[in-house]
Structure formats: C-alpha cells, structure tokens
> 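Can you keep this structure in mind? I'll have questions shortly.
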Amino acid sequence: MFVKHQTRMCLLRHLLLPICLVGFCFFSVVFVSATPQEIPISQASPRTGGAQSPGPPVVKVVIRQDLNKKILIALIVSSTLLCITVMMILYLLLWRYRSMNNNSFNGIKGKSDSVKSSGSTKPVVHKVDSVTKGTIPVYEYQLLESGTNKFSDGNVLSRGGRGCLYSACLDGKSSVTVKKLDVGGETDIEKQFENEVDWLAKIKHQNIISLLGFSVYRQTRCIVYEMMQNGSLENRLHGPSQGSGLTWQLRMKIAVDIARGLEYLHEHCHPPVVHRDLRSSNILLDSDFNAKISDFGYATVLMTQNKNLNRPSEYLLDGKVTDKNDVYSFGVILLELLLGKRSVEKPSTEPESVVTWAVPKLSDRANLPNILDPAIKGTMDLKHLYQVAAVAVLCVQPEPSYRPLITDVLHSLIPLLPLELGGSLRIL
Ligand SMILES: Nc1ncnc2c1ncn2[C@@H]1O[C@H](COP(=O)(O)OP(=O)(O)OP(=O)(O)O)[C@@H](O)[C@H]1O
C-alpha cells in the first residue's frame, strides 16, 4: 500500500515539470493563434462631418512582413514543442528505468547499510512517521525492552538457535512477537537479520508472516512480528498435543495455505523468491489456524549460486537453488501432516528422514491407512487421502525436474478442501 502510494506521488512529481512545460507551450500557441491574422486597411476617403460617404470597397491587405513573422513564431513554437515532447519521453523512459532498478528487490539494502553505520552505539530513533513514508517502522530499543518487561523469562515464547522470542505489548493493547538476536560479532546472524527484514519488508501476503518493524541497538537486533497465537506447526504436530487438535480438514487447510504462500513467492514475486528453509517449525498458525510461512533468513532470488549455506544436502542439489527445493520441503511437510512423523526422527540408532521411511511404504496405497497419523485415522474420504499422498510422493522425488510446480500442487489440493475453508469442495 505504502509503496504504491509512494510510487504514485513520485510519478506525479516527475510528471509535473513536463506537464507545466507542455501547458506553457500550449498556451503560447493559443495566444499566437488568437492574435488578429490580417490588418484591414481602408482605402476610403476621409470621413466628413460624421456622415459616411459611399466610397470605394474596403480592401483587406495582408502585410507580408507580419505573415512571415507569424510563420516564424509558429515554426519556433512547434519545434520547441517537438523538442520538449522528445525530452519528456526520454526523461520518462530514464525515470522508469531507474525506478524499476530501484524496486527490483534491493530496496532495503540501503536501509541495512544505514542501520549498520548508525546502529552500533546508539538506539535508532523511533520513527512513527516512517510508516507513512512507505518504510518499515524502526522501533526504539527501549520501547521493546519495556514492552517485554525487560526481556524477562516470563515473556519468553521460545529459545531458538539464533536468539530468543518474546511476547510483547507495545501499545498497551495488542500483543506482538519480538525476536531478539545477539549478533556478538557473528556476521552470519547479522546477514540473516538483514535478509529477513529485507525480504519481509517487500513481501506482503496472507500466508506469509507480517513484519511490524525492527530495531538495532549495539550488538542486539530485534525483529517485531505479528503474534501467531497457535505457535508453530511442528509444535502442534509433534509437541505435547501430538496433533490431536489438528483434524484432517485443518491439515488440508494448512497445506493449502502453505502452498498459497509458496505460490506467491515462486510465481508472483519478480524476481521469484526461494525460501530455502521451509519446515514445520517455520510454519506458524494464527488464532484461526491460518498458516503463514516465516523465517526468511535464508531466502534468496531464484537460481543464484548457493554459497555459504549450511543446509542439509537435499537442499543443495548441484549447488543450485531452484523453486523445486521448496517443493521438496513442502512434500516433507505434507508427509508430516499425513503420518504425524517428524521430518527427521532421532531414535537411539541412525536418524531417519520421513522421506526414506515413508516413500517405499507408500508405493502400496493399501498400506497407507496403516501408517497414517493415529490422530486422523478413519476421518477422511480415502480417495482424498490417496490423492494427497500421491502429491507428497511427487514433491519429494530425488530428481528436482520431476517434482511438480507449487502452483500445480496447490490446484490439486484446493478441490479437497471445503469451500468454507478456502477450497472448492462442496460438502452436501
Ligand atoms: N510470530 C510468532 N508468533 C508466535 N510464535 C512464534 C512466532 N515466531 C516464532 N514463534 C515460535 O518460536 C519458535 C522459534 O522461532 P524462531 O523463528 O525464533 O526460530 P529460530 O530462532 O529460527 O530457530 P531455528 O534456528 O531453529 O530456526 C517457532 O517454532 C514458533 O514456535
């Protein structure tokens, strides 16, 4: 919204000068053409005593010199107009080219740089008005500190690999989530912080977590997100409740939501974005169990070299990043939803991935009901179950090119989801 508004204002500002020039020329032309074209010269004899004597007819004589002058003026005006039009077109083309370059997903780098240079010793100023400028709000560190009771243990939602997550109340009413990262000279964390803020500032979608702002204070980086009351999908499936709160229909809704978020990244972002770290712990659920993709610390544009990335080998096919990496990860989540198993089980022996465990078993569809998550056994149409399992198996093909596009996955899942949950299935 803000970015669109900003662009419109910018366009207006840039168009104002050429419009004024054209307007000026237009009025010049109108003015010139409005001046008399001919000067009538009467050759009649002088009037006597006010009575008009019938004299010879009035002859209109065009003064040649004047005519030449007018042609000259017309020529000057029209050539000026032509020049201005050409200049205006060039100017617009140049401006369009520049703004396209600026908008092509490098918008926040400038912001990150300024953050770096200003942020090491002083708190960043709380820019409330930055919202109206089309940028992301920069929170004062002290505001986040007081909103989380000085980052107290009582406010901790989770302790992650890269930092701690707190619930916070910033405006005295609604609750938000603050992720606090301690950079401590670790460039990797700083990079992930910048990457996350950079992407989330540009990506707005109902199935992608909303970024509310960030803060930079000495060695501490904070990211403020919307609160996702039902936590992560991983916790819902494999935590204390063991998936009991997730019905078959809810699971289908979650799968469709994730596919919608991914489809937006792969098909509607320009250039396309690959998440690269899709897993059930990065799928968050709001109070209505709407699923949103989070954690964009590793996200990148499609088809860049995959350097410096410490991910499992299945994410690094030929060192290339493609949208099919995300499709594979989506398949893993689908298997987790169906079977209630973790993506990687860690028994006392060798850790085993759900893919190597499930795919051989799924070759015989009659086997499927036996390995299904007990929490959903016998609660769905078997035809639907087979269809979802087939999609999951396709997504986790070892050969990336054999995996479907996420848009195809999405459109094969939508008919299995009831209308009231955002699908197209009519339950009679
Ligand atoms: N906006 C949110 N609202 C509610 N809970 C959240 C939110 N974001 C994250 N969480 C919870 O915190 C957990 C950790 O999330 P976080 O993004 O901090 O992980 P992380 O630090 O990236 O950990 P890892 O390095 O293992 O990915 C999530 O799995 C989820 O349970």
Side-chain angles (χ1 to χ4, degrees), residues 136-137 139 144 147-148 151 153-171 174-184 186-201 203-215 220-243 245-246 254 257-258 261 275-300 308-312 315 325-326 329 332-333 336-337 342-344 346 351:
I136 325 141
Y139 284 97
L144 302 184
T148 54
F151 295 104
D153 283 350
N155 284 52
V156 172
L157 288 174
S158 132
R159 291 184 197 276
R162 289 175 291 146
C164 241
L165 203 89
Y166 297 86
S167 67
C169 197
L170 302 184
D171 57 4
S174 52
S175 185
V176 298
T177 308
V178 178
K179 188 191 270 186
K180 184 169 172 247
L181 305 163
D182 191 8
V183 178
E186 284 198 46
T187 48
D188 262 12
I189 295 186
E190 180 82 66
K191 259 191 215 155
Q192 281 172 24
F193 163 78
E194 286 187 8
N195 209 34
E196 171 112 357
V197 173
D198 197 8
W199 284 115
L200 287 179
I203 299 167
K204 305 276 175 240
H205 187 267
Q206 67 202 26
N207 299 117
I208 290 171
I209 189 88
S210 292
L211 172 75
L212 303 180
F214 68 99
S215 135
T220 305
R221 306 287 176 267
C222 292
I223 311 180
V224 185
Y225 307 95
E226 64 177 310
M227 172 59 81
M228 298 295 282
Q229 290 83 348
N230 278 309
S232 71
L233 175 61
E234 183 194 40
N235 193 45
R236 287 278 142 188
L237 276 176
H238 315 300
S241 64
Q242 290 288 298
L246 296 179
I254 290 168
D257 282 352
I258 304 169
H275 184 279
R276 297 205 289 181
D277 195 19
L278 198 71
R279 48 200 161 104
S280 54
S281 62
N282 289 336
I283 302 301
L284 302 176
L285 305 166
D286 71 9
S287 53
D288 295 324
F289 285 91
N290 294 305
K292 303 194 184 192
I293 302 172
S294 73
D295 211 339
F296 279 69
Y298 293 108
T300 187
N308 305 326
L309 195 71
N310 184 22
R311 311 304 313 154
Y315 292 90
N325 299 143
D326 286 347
S329 308
V332 173
I333 295 177
E336 284 184 68
L337 284 167
R342 287 181 182 275
S343 58
V344 180
K346 288 177 195 145

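Each ligand, and each atom within it, is numbered from 1 in the order the structure gives.
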> Going by heavy-atom distance to atom 17 (O) of ligand 1, choose the closest among Lys292, Glu226, Arg279, Lys179.
Lys179
> Taking the cut-offs as 6.0 angstrom to the six-membered ring centre and 45 degrees off its axis, would you call Lys179 and Tyr225 a cation-pi pair?
no
> Any side-chain donor paired with an acceptor under 3.5 Å for Arg276 and Asn325?
no
> Ligand 1 and Ser281, any nitrogen or oxygen pair closer than 3.5 angstrom?
yes
> Do His275 and Tyr298 have side chains that get closer than 4.5 Å, going by heavy atoms?
no
> Relative to the heavy atoms of Ser232, which atoms of ligand 1 are at a distance of less than 4.0 Å?
29 (O), 30 (C), 31 (O)
> Could you tell me whether some N/O pair between Asp295 and ligand 1 is separated by less than 3.5 angstrom?
yes
> Going by heavy-atom distance to atom 14 (C) of ligand 1, choose the closest among Ser294, Gly231, Ser158.
Ser158
> For atom 6 (C) of ligand 1, what is the closest protein heavy atom, and at what distance to 0.1 Å?
Leu165 CD2, 3.2 Å
> Is any side-chain heavy atom of His238 less than 4.5 Å from a side-chain heavy atom of Glu336?
yes
> Quick one, Leu200 and Ile209 - any side-chain contact, counting heavy atoms below 4.5 Å?
yes
> Note the single closest protein heavy atom to atom 4 (C) of ligand 1, along with its residue, its atom name and the distance in Å.
Met228 O, 3.2 Å
> Check whether the side chains of Glu234 and Ser280 place a donor and an acceptor atom closer than 3.5 Å, and report yes or no.
no
> Show the atoms of ligand 1 that are less than 4.0 angstrom away from any heavy atom in Leu284.
1 (N), 2 (C), 7 (C), 8 (N), 9 (C), 10 (N), 30 (C)
